[in-house]
2 protein chains.
Amino acid sequence: MTDVTVHKKTAYHHGDLKGELIAAARSLIEMHGPDGFSMSDACRLAGVSTAAPYRHFSSKQDLLAAIAADGLKRLGEDMETLVQNHPRGTVESISAIGRGYVDFAIREPHTFRLMFGAMGAKPENAQMREVGRACYGILLGEVAKFLGKTEVDEAVVGRAFPLWTFVHGLSFLAIDGKLDVHEFPVDINESIRIATGRLLS
Amino acid sequence: MTDVTVHKKTAYHHGDLKGELIAAARSLIEMHGPDGFSMSDACRLAGVSTAAPYRHFSSKQDLLAAIAADGLKRLGEDMETLVQNHPRGTVESISAIGRGYVDFAIREPHTFRLMFGAMGAKPENAQMREVGRACYGILLGEVAKFLGKTEVDEAVVGRAFPLWTFVHGLSFLAIDGKLDVHEFPVDINESIRIATGRLLS
DNA sequence: TTGTTAAAGTTAGTCATGCTAACATATGTT
DNA sequence: AACATATGTTAGCATGACTAACTTTAACAA
């Protein structure tokens, strides 16, 4: 017997539902925003019942936190790559990090919001805190090199934090459509380069 | 007849339900965040049926937009007051605006988020756009004075926008708990003063 | 093999919520 | 007094988060 339904496409067990749900949720969230997002939709997209996600995520919030953490991880990878393509510890490498940051926000605005507190996704989440710190660590490292230091001391933080602050603000303003408020459009690259220079000096 | 139930406490008509709903919603939102907020809760708080709000707001989004607009208006008033308490067109008056901005964000973090795109509350809303512009106008005016100009030209925008960017970023980082990431705590006042100086120069 | 266990799905149902429709009551104008 | 309008109510629908109880599959021991 053993009814050779080998080619059955709808396997009862899914393989990697967790990953697929994150992927589905990411795409839905970037389409309709974290609020307009529903578990049900993600289930429909993944072709699975509405109870299935709760084997992998304790709640909707938990799924959102996973997506936020995933976003922070990918942001860190972006930044790492960018740093590698520039002479280390220079204004160029530091500006590149900033550009990568803003680019990410513009590319995935809703995920970016999620990464920074939207939907109550506070960094009380251990996973988020860790990947977040890793991202910031990249900037701190570059600024330390720029200042000719081997450790992250108060002076390094004093230079790096304002830079983060600036690109963070630019990111939020960009995704909120505030770059087009003027008759004179804001050039993101130029904006970052100038501010980086001024804030580092 | 006319059953003299004059002292009936529960008047059928409420007086100013619209205002009361906004007040109720504001307080609930600052307690549980814009997501955790429900129309039903606001109705309970205002002591009114769940259908009543729809005589005053077309949807939940609409109520949220009203709260955001109200927040922008109050932010503008704060900024206006602060400017008046300093010599016009100086680093001090400009720093004070920035401090007021960040203070508002810290005082009403969830409303602040709402004012800047959370919950899909985009500035496509005409009312929000208007009060938002008024706020920015205060900063533009001060920077123009600082530069000795009578009009807002490209140079003014080129100085003012980075300042906005900076305090905007600082606000978001503050309400997201990122000011305590270091061993060396960030002093908001000092941070704003230094950045204002560097970005204006 | 086969039997047991745990992991990962499913169905069905509960409760809260956003919103609408139909109805009720107050207010103000004539 | 009569009507129109604004503003409230009740009842009900649709959707969505989540749970409980059950089922299927995979994994592993015997």
Side-chain angles (χ1 to χ4, degrees), chain A residues 1-25 27-29 31-67 114 118-121, chain B residues 1-25 28-29 31-68 114 118-121:
Chain A
M1 311 322 166
T2 66
D3 264 297
V4 195
T5 50
V6 175
H7 293 293
K8 188 160 69 169
K9 281 178 184 170
T10 16
Y12 194 94
H13 281 94
H14 196 283
D16 179 28
L17 181 54
K18 183 165 184 172
E20 195 143 336
L21 278 173
I22 290 185
S27 111
L28 287 171
I29 284 170
M31 285 197 289
H32 312 118
D35 27 305
F37 163 76
S38 78
M39 281 283 174
S40 315
D41 282 345
C43 291
R44 272 186 278 277
L45 223 174
V48 86
S49 81
T50 62
Y54 296 93
R55 299 291 173 195
H56 303 279
F57 304 97
S58 66
S59 66
K60 184 181 181 180
Q61 290 285 332
D62 193 33
L63 207 199
L64 293 177
I67 290 173
L114 227 36
M119 301 298 287
Chain B
M1 307 324 167
T2 66
D3 265 297
V4 196
T5 49
V6 176
H7 293 293
K8 190 162 65 169
K9 283 180 182 168
T10 16
Y12 195 95
H13 280 94
H14 196 284
D16 179 27
L17 182 53
K18 183 165 186 174
E20 195 142 337
L21 279 173
I22 290 185
L28 287 170
I29 284 170
M31 285 198 289
H32 312 118
D35 27 305
F37 164 77
S38 77
M39 281 280 165
S40 314
D41 282 344
C43 291
R44 271 186 279 278
L45 224 174
V48 87
S49 82
T50 62
Y54 296 92
R55 299 290 174 196
H56 302 278
F57 304 97
S58 66
S59 67
K60 184 181 180 181
Q61 291 285 332
D62 192 33
L63 207 199
L64 293 176
I67 290 172
L114 225 38
M119 301 299 288

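Numbered from 1 within each chain, the chains take letters A, B, ... in sequence-line order. What you see is a predicted model; the values in this text were computed from it and never measured. What's counted below: heavy atoms across the whole structure, side chains too, no hydrogens, waters or symmetry copies.
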Original post:
So do Pro34(B) and Asp35(A) actually touch side chain to side chain, heavy atoms under 4.5 Å?
Top reply: no
Subject >> Value in whole Å for how far the C1' atom of dT17(C) lies from CG of Leu63(B) >> reply: 14 Å
Original post:
If you round to the nearest 0.5 Å, how far is NE2 of His56(A) from CG of Leu63(A)?
Top reply: 10.5 Å
Original post:
Are any of the side-chain heavy atoms of Met31(B) and Phe37(B) separated by less than 4.5 Å?
Top reply: no
Which protein N or O atoms sit under 3.5 Å from an N or O of nucleotides 15-18 of chain D?
from, atom 1, to, atom 2, distance (Å)
dG16(D), OP2, Arg44(A), NH2, 3.3
dA17(D), OP1, Met39(A), N, 3.0
dA17(D), OP1, Lys60(A), NZ, 3.1
dA17(D), OP2, Met39(A), N, 2.9
dA17(D), OP2, Ser40(A), N, 3.2
dA17(D), OP2, Ser40(A), OG, 3.2
dC18(D), OP2, Tyr54(A), OH, 3.0
dC18(D), OP2, Lys60(A), N, 2.8

Subject >> Separation of dT19(D) P from Phe57(A) CZ (nearest whole Å) >> reply: 15 Å
Subject >> Interatomic distance where CG belongs to Asp35(A) and C1' belongs to dT17(C) [whole Å] >> reply: 15 Å
Subject >> Asp16(A) CG to dA8(C) P, straight-line distance once rounded to whole Å >> reply: 10 Å
Subject >> For Thr50(B), all residues meeting side chain to side chain donor-acceptor pair (under 3.5 Å), sequence neighbours excluded >> reply: none
Original post:
To the nearest 0.5 Å, what is the distance between CG (Leu28(A)) and OG (Ser40(A))?
Top reply: 11.0 Å
Original post:
Leu21(B) CG to dC19(C) P: how many Å, rounded?
Top reply: 13 Å
**OP:** For Asp41(A), enumerate each residue passing the salt bridge (Lys or Arg N to Asp or Glu O under 4.0 Å) test, keeping only those at least two apart in sequence or located in another chain.
**Re:** Arg44(A)
